[in-house]
Protein chains: 2
Amino acid sequence: MPSIDQVAARAGVSTATVSRALRGRSGVSPSTRDRVLAIADAMGYVASSSAAGLATGRNMAIGVLVPVVHRWFFASAIEGVDRQLRARDYDLDLYSLGGHGTNRDRVFHRSMLRKRIDGLVVLCMALTDDELTALHALEQPVIVVGGPVEGCRHISIDDRAAVRDATNHLIGLGHERIVHLAGGGSFGIEFSVPRLRAAGFGDAMEAAGLGAGPEATVFGDYTADSAKATVARVLDRAPGTRPTGIVASSDEMAFGALLAAAEAGLRVPEDLSVIGIDDHEFAGVFGLTTIRQDPVAAGERAAALLLGELEGDGRVPAAQPGPEAHELVIRRSTGPAPMLTAATSGARVQPA
Amino acid sequence: MPSIDQVAARAGVSTATVSRALRGRSGVSPSTRDRVLAIADAMGYVASSSAAGLATGRNMAIGVLVPVVHRWFFASAIEGVDRQLRARDYDLDLYSLGGHGTNRDRVFHRSMLRKRIDGLVVLCMALTDDELTALHALEQPVIVVGGPVEGCRHISIDDRAAVRDATNHLIGLGHERIVHLAGGGSFGIEFSVPRLRAAGFGDAMEAAGLGAGPEATVFGDYTADSAKATVARVLDRAPGTRPTGIVASSDEMAFGALLAAAEAGLRVPEDLSVIGIDDHEFAGVFGLTTIRQDPVAAGERAAALLLGELEGDGRVPAAQPGPEAHELVIRRSTGPAPMLTAATSGARVQPA
DNA sequence: TTGTACGCGTTATCAG
DNA sequence: CTGATAACGCGTACAA
């Protein structure tokens with residue numbers, strides 16, 4: 001691992017010139033520049049980021065804070081952030097909270113403040129007030145990918161509209177007894193997003209004149225497992241009360257719903273329609289109708305915004321950007337509501 | 001962001017003493033140590049990693065190189081590495097190759113050599129010779145999680161034995177026409193692992209006196225989508241030739257197989273048994289029988305090994321560790337081979 | 001036990 | 001266009 005002096009010596013110039021040449025600064029004659037570049041390359045020289053960071057105050061690295069890398073949304077967003085960063089020659093420091101509330105403290109009060117990063121991307125999670133202050137104490141640009149977080153800009157779809165659209169798809173198919181399979185539960189993912197999505201469900205139901213009482217919402221913890229168990233209970237309701245449509249707040253939960261339906265001997269979509277949100281990589285094989293969002297793109301956009309701000313002249317704190325696009329993707333898991341017969345429709349009998 | 005001098009000033013001691021106190025070095029009276037600690041804490045002081053790195057030559061960070069973070073195995077392993085690192089107060093630098101062979105060069109020849117990390121964890125992937133040299137040129141400890149990589153220690157299950165066990169499970173249930181759904185395809189994940197697994201399949205088939213001709217192996221690219229399409233074609237074979245059991249090289253592919261079977265109108269496990277490898281988080285909801293491996297644990301172990309070596313006195317390059325455990329997890333996707341009738345068994349008729 | 005002073009590898013400032 | 005040289009913030013021999 002050669003240092004800059006060695007390169008300078010070999011090239012017969014000063015370290016200053018080497019530095020200038022390598023960084024593309026002006027004020028170096030083309031001939032020397034070429035020579036230095038060639039020699040540096042031949043020697044395999046790469047500047048030490050510690051030294052460069054110390055001297056410039058910029059680390060060429062940004063941090064990504066995630067509750068857990070395992071989940072589809074997070075893994076995808078990380079991928080997107082990374083893609084953008086790598087393209088701009090920035091490094092990516094990953095801070096995972098690891099699912100459990102463990103070591104959150106360590107992360108917030110030690111790791112992240114080590115002046116190792118120039119900015120932070122926070123992936124959709126609930127933050128305590130304490131943590132929020134810690135974030136602001138960083139005095140670094142922060143951007144959230146996922147849901148609104150107080151006092152931070154965020155990149156995300158319009159969650160409320162997304163679920164409204166999903167619900168309306170079912171309503172448009174004639175469904176009246178619809179259940180919202182909401183997320184929220186174990187780790188800190190729950191916060192504004194579940195609320196917004198619940199609101200979107202309510203919007204659509206109300207606008208259609210359909211009831212959305214407490215029975216119309218069940219919780220699935222954002223996992224297929226948990227959702228499957230929950231939905232199994234719901235499908236156990238008497239035929240007249242049993243929903244004909246399910247709006248899951250994530251595809252992973254929708255998968256659980258699909259499997260629960262299969263085990264209950266219900267046909268999809270003849271007996272039950274299921275729509276999710278995400279367009280998870282498995283949605284296709286499952287034939288799941290869903291609202292697509294693109295966390296990879298969101299991650300890219302967030303990183304680009306952050307970098308733009310960092311490299312910008314400074315005083316342009318970039319306003320809150322508009323929401324990401326979402327889109328209904330129709331597959332095989334949704335269809336017309338089953339015919340209502342006197343036997344199953346309860347009070348509401350269709351006039352022949 | 002206070003610097004060490006400010007802490008020193010406030011505490012009325014020299015920066016040397018502050019440094020010693022904070023790093024737990026001996027030679028500081030308990031009273032001063034406590035005072036310094038309290039003040040540093042109150043001021044929210046954290047040493048700059050650039051400065052510390054420059055001074056000590058150690059960055060307190062290790063790199064994790066992954067082909068893509070999206071896949072279950074990788075996401076899990078990252079989680080494991082992170083867990084161990086965080087516990088030991090190391091940072092984690094993520095280098096994702098992002099699926100496509102893009103920017104591999106950049107990563108290998110620039111990012112990683114920036115003297116930002118103290119060691120590297122490589123997650124299961126094929127490396128070109130050039131890249132392998134670049135790795136060794138790092139002059140840093142490297143460990144692989146996944147499959148054997150030439151000249152590197154690695155942490156992984158015994159892939160050959162794992163697939164052998166999976167195949168034997170099916171054989172034990174009376175299956176004779178078994179197909180191996182192998183991985184390998186798009187991105188650089190393919191290399192020694194697919195080969196080892198194919199060998200394991202061959203071992204078991206041969207030992208049972210069953211044929212494992214070219215027809216017995218099909219490829220699924222490690223994705224559910226691709227596997228589903230492939231298996232659909234296989235299940236299209238004439239009833240007498242159609243396999244009664246499938247050994248998938250990953251759970252994601254097994255999911256695809258399951259869905260293909262469902263669409264083909266085949267019952268699982270009555271008509272078709274499917275076994276996977278991984279124990280993916282969805283394996284439970286799918287009722288998939290599989291060979292469990294624990295990439296989180298593998299990641300933790302790898303990181304622990306690396307750190308041990310880094311913090312060890314040095315000259316103990318830690319030998320190649322033994323394989324990780326794997327374990328058969330029986331669920332509902334495997335069962336006795338269907339009865340052979342004259343109509344379906346082809347040449348091989350069971351004596352009544 | 002404590003403080004002084006130098007070095008870590010680069011970048012930036014200012015002469016030349 | 002180029003070269004000294006002073007920071008950058010911290011760790012650590014060495015001296016006290």
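Values below: every heavy atom of this structure, side chains too, minus hydrogens, waters and symmetry copies. Reminder, nothing fancy here: chain letters follow the sequence lines and each chain counts from 1.
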Mind checking salt bridge (charged side-chain N to carboxylate O under 4.0 Å, His left out) for Arg88(B) and listing every partner two or more places apart, or none if nothing turns up? Glu311(B)

Establish, with yes or no, whether the OP1 or OP2 oxygen of dG9(D) is under 4.0 angstrom from a side-chain nitrogen or oxygen of Tyr45(B). no

For Asp5(A) and dC8(C), give me the distance from atom CG to atom C1', rounded to whole Å. 11 Å

Do Asp130(B) and Thr128(B) meet the criterion of a side-chain donor-acceptor pair at a distance under 3.5 Å? no

Separation of atom CG in Leu54(B) from atom C1' in dT11(C), rounded to whole Å: 12 Å

Measure CE/Met60(B) against P/dC10(D) and give the value in whole Å, please. 16 Å

Donor-acceptor contact below 3.5 Å, side chain Arg116(B) vs main chain Ala61(B): no

With DNA chain C as reference, determine whether Gly12(B) or Lys115(B) sits nearer its 5' end, using the nearest nucleotide of each. Gly12(B)

Under a 4.0 Å N-O cut-off, is there an ion pair linking Arg71(B) with Glu281(A)? yes

Under the criterion side-chain contact (heavy atoms from CB on, under 4.5 Å), I'd like the reasoning laid out for Asp91(B) against Tyr95(A): C-alpha separation, chi angles, the key distance, then a yes or no. CA-CA 8 Å; Asp91(B) 280 332; Tyr95(A) 301 101; 3.7 Å; yes

Taking atom P of dT10(C) as reference, at what distance in whole Å does atom CZ of Arg58(A) sit? 18 Å

Sugar-phosphate only, base, or nothing, as touched by Thr32(B) at under 4.0 Å among non-hydrogen atoms: sugar-phosphate

Sort and list the pairs that fulfil side chain to side chain donor-acceptor pair (under 3.5 Å) and have at least one residue in residues 16-28 of chain B, not counting sequence neighbours. Ser14(B)-Thr17(B)

Report the distance from atom CE of Met1(B) to atom P of dC10(D), rounded to the nearest whole Å. 11 Å

Separation of Arg116(B) atom CZ from dC8(C) atom C1', in whole Å? 17 Å

Identify the pairs formed between an N or O of the protein and an N or O of nucleotides 12-14 of chain D at a distance under 3.5 Å, and give each distance.
from	atom 1	to	atom 2	distance (Å)
dT12(D)	OP2	Arg23(B)	NH1	2.9

What nucleotide among dG3(D), dT10(C), dT2(C) has an atom nearest to a side-chain atom of Ser29(B)? dT2(C)

Roughly, in whole Å, what's the span from CZ in Arg35(B) to C1' in dT2(C)? 12 Å

Sequence neighbours left out, what passes side-chain hydrogen bond (donor to acceptor under 3.5 Å, both in side chains) with Thr56(B)? Give chain and number order. none

Considering the terminal five base pairs at each end of the helix from dT1(C)-dA16(D) to dG16(C)-dC1(D), what angle separates the two local helix axes, rounded to 10°? 40°

Would you indicate which nucleotide in dT4(C), dG3(D), dC10(D) comes nearest to any side-chain atom of Ser14(A)? dG3(D)

Acceptor/donor pairs from residues 37-45 of chain A side chains to any protein atom, 3.5 angstrom cut, sequence neighbours excluded:
none

Of the listed nucleotides dT2(C), dG11(D), dT10(C), the one nearest the side chain of Ala52(B): dG11(D)

Near Arg10(A) CZ, under 6.0 Å, is it more than 12 heavy atoms from other residues, nucleotides or ligands? no

